[in-house]
Amino acid sequence: MLRHARAEAARRGARLLRTHCWAGEDGRVVREYEAWGFTAILEFEQPRSDGSFWTGQVLQTRVCSGLKRPHAGCPVRALWSGCEDERVSFDLAVLAMEASADAVAVRAMYDRCTSGSHAEGEVDERVMGFYESLRSRFPDHPPLAGASPWMSTPLSVGIDHVVMNLSFSAGSDDALRAIEELAAEYCLVIWDPQSQDAYFPPSVTTG
């Protein structure tokens, strides 16, 4: 849900994403949001019918508008524009597409893959090769490295996709480089849901 909210906010050009949650239980829920890059900004109380109060917390996070490409040969190894909060996270996906795919088809496939009702079947060999190679360098199961690039583990893997939630930090630079290289090696399309950009490997053309 948070991934979808971030992507939708970025698509609409929003600079901030705000939400609120319960502030009880010593702030357990608040800490979960903070782990996703949100910052607590305001605590409030809502009266209940029995005379007690429900304590809530308003949180916000900065929304990234997309990846800057410093040159044509390096589409994803870059800095985020308009983002300075080191706790901000972002999503990237790699998708197994046909050679005739275009950006519209990539976006539709990503939406299907993250809808929760994706078809089951045999995992595409390209996806499996990508995932096994990536996790051998950057594990997504315990024990995790201290400088793990992942904000959410394990990675979301389906029959034709891998969706990754990365931290916006220098620790993700090596992972971004690996994602770019492995996507090209296994002929997978990279989809950036924040900027709605598709990056095609050399062997996949867009016509």
Side-chain angles (χ1 to χ4, degrees), residues 2-4 6-7 10 32 34-37 61 64 66-81 83-99 101 106-107 109-110 112-114 118 120-204:
L2 286 177
R3 290 177 181 174
H4 175 76
R6 285 186 190 277
E32 290 179 3
E34 289 176 335
W36 279 88
T61 186
C64 298
L67 288 167
K68 292 180 179 177
R69 284 178 282 175
H71 55 80
C74 182
V76 297
R77 197 185 318 144
L79 297 176
W80 282 81
S81 61
C83 292
E84 299 173 356
D85 187 343
E86 292 184 354
R87 293 183 297 176
V88 168
S89 64
F90 61 97
D91 291 341
L92 284 178
V94 295
L95 306 168
M97 305 289 295
E98 299 295 332
V106 176
R107 177 179 180 177
M109 182 174 176
Y110 174 80
R112 289 196 303 273
C113 291
T114 56
H118 192 270
E120 299 297 328
E122 293 293 328
V123 178
D124 190 292
E125 292 182 358
R126 295 172 291 171
V127 170
M128 183 57 67
F130 172 92
Y131 174 61
E132 292 295 342
S133 297
L134 184 65
R135 75 169 184 167
S136 69
R137 304 185 201 180
F138 307 96
D140 63 336
H141 287 79
L144 300 177
S148 174
W150 313 126
M151 288 290 285
S152 178
T153 57
L155 303 183
S156 176
V157 182
I159 61 174
D160 51 11
H161 68 274
V162 180
V163 178
M164 300 151 284
N165 182 236
L166 297 96
S167 64
F168 175 66
S169 68
S172 294
D173 289 351
D174 289 342
L176 287 171
R177 186 177 298 109
I179 291 167
E180 179 190 353
E181 293 171 353
L182 291 171
E185 178 181 348
Y186 289 100
C187 197
L188 298 169
V189 178
I190 298 174
W191 176 248
D192 177 2
Q194 286 79 205
S195 65
Q196 302 285 290
D197 286 329
Y199 303 101
F200 294 87
S203 56
V204 174

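The chain is numbered in sequence order, starting from 1. Quick caveat, the model's predicted, so the values are computed rather than measured.
The nearest pair of heavy atoms linking P139 to S148 is O-OG, 4.4 Å. A pairwise comparison of heavy atoms in S172 and S167 identifies OG-O, 2.6 Å as the closest pair. For the pair V123 and G158, the tightest heavy-atom approach, listed with the atom from each and the gap, is CG1-O, 4.0 Å. Scanning all heavy atoms of the two residues, the minimum distance from I179 to F130 falls at O-CE1, 3.8 Å. Closest approach of H161 to C113, counting heavy atoms only: ND1-SG, 3.3 Å. Pairing each heavy atom of A93 with each of V163, the nearest pair is CB-CG2, 4.0 Å.
Listed by chain and number, the residues in a side chain to side chain contact (heavy atoms under 4.5 Å, CB included) with D124 are A96, R126, V127 (sequence neighbours excluded). Residues passing the side chain to side chain donor-acceptor pair (under 3.5 Å) test with T153: none are found, sequence neighbours excluded. Applying the salt bridge (Lys or Arg N to Asp or Glu O under 4.0 Å) criterion to E132, with sequence neighbours excluded, gives R135. Remark: D140 engages no residue in a salt bridge (Lys or Arg N to Asp or Glu O under 4.0 Å) (not counting sequence neighbours). For E185, the salt bridge (Lys or Arg N to Asp or Glu O under 4.0 Å) test picks out no residue, with sequence neighbours left out. In terms of the side chain to side chain donor-acceptor pair (under 3.5 Å) criterion, residue partners of Y186 (sequence neighbours excluded) are, by chain and number, S133.
Atoms CG and NE2, from L155 and H141 in turn, are 8.5 Å apart once rounded to the nearest 0.5 Å. Rounded to the nearest 0.5 angstrom, E122 CD and D160 CG are separated by 12.5 Å. How far CZ of F200 is from CE of M97: 7.0 Å, rounded to the nearest 0.5 Å.
In this structure, D174 and P149 have side chains that are not in contact, with every pair of non-hydrogen atoms separated by 4.5 Å or more. D192 places none of its side-chain heavy atoms less than 4.5 Å from the side chain of F90. Here the side chains of V162 and L188 are not in contact, with every heavy-atom distance at 4.5 Å or above. Residues L166 and W150 form a side-chain contact, since some pair of their non-hydrogen atoms from C-beta on lies under 4.5 Å apart.
Screening L176, L134, D91 against M164 for a side chain to side chain contact (heavy atoms under 4.5 Å, CB included) leaves a single residue, L134.
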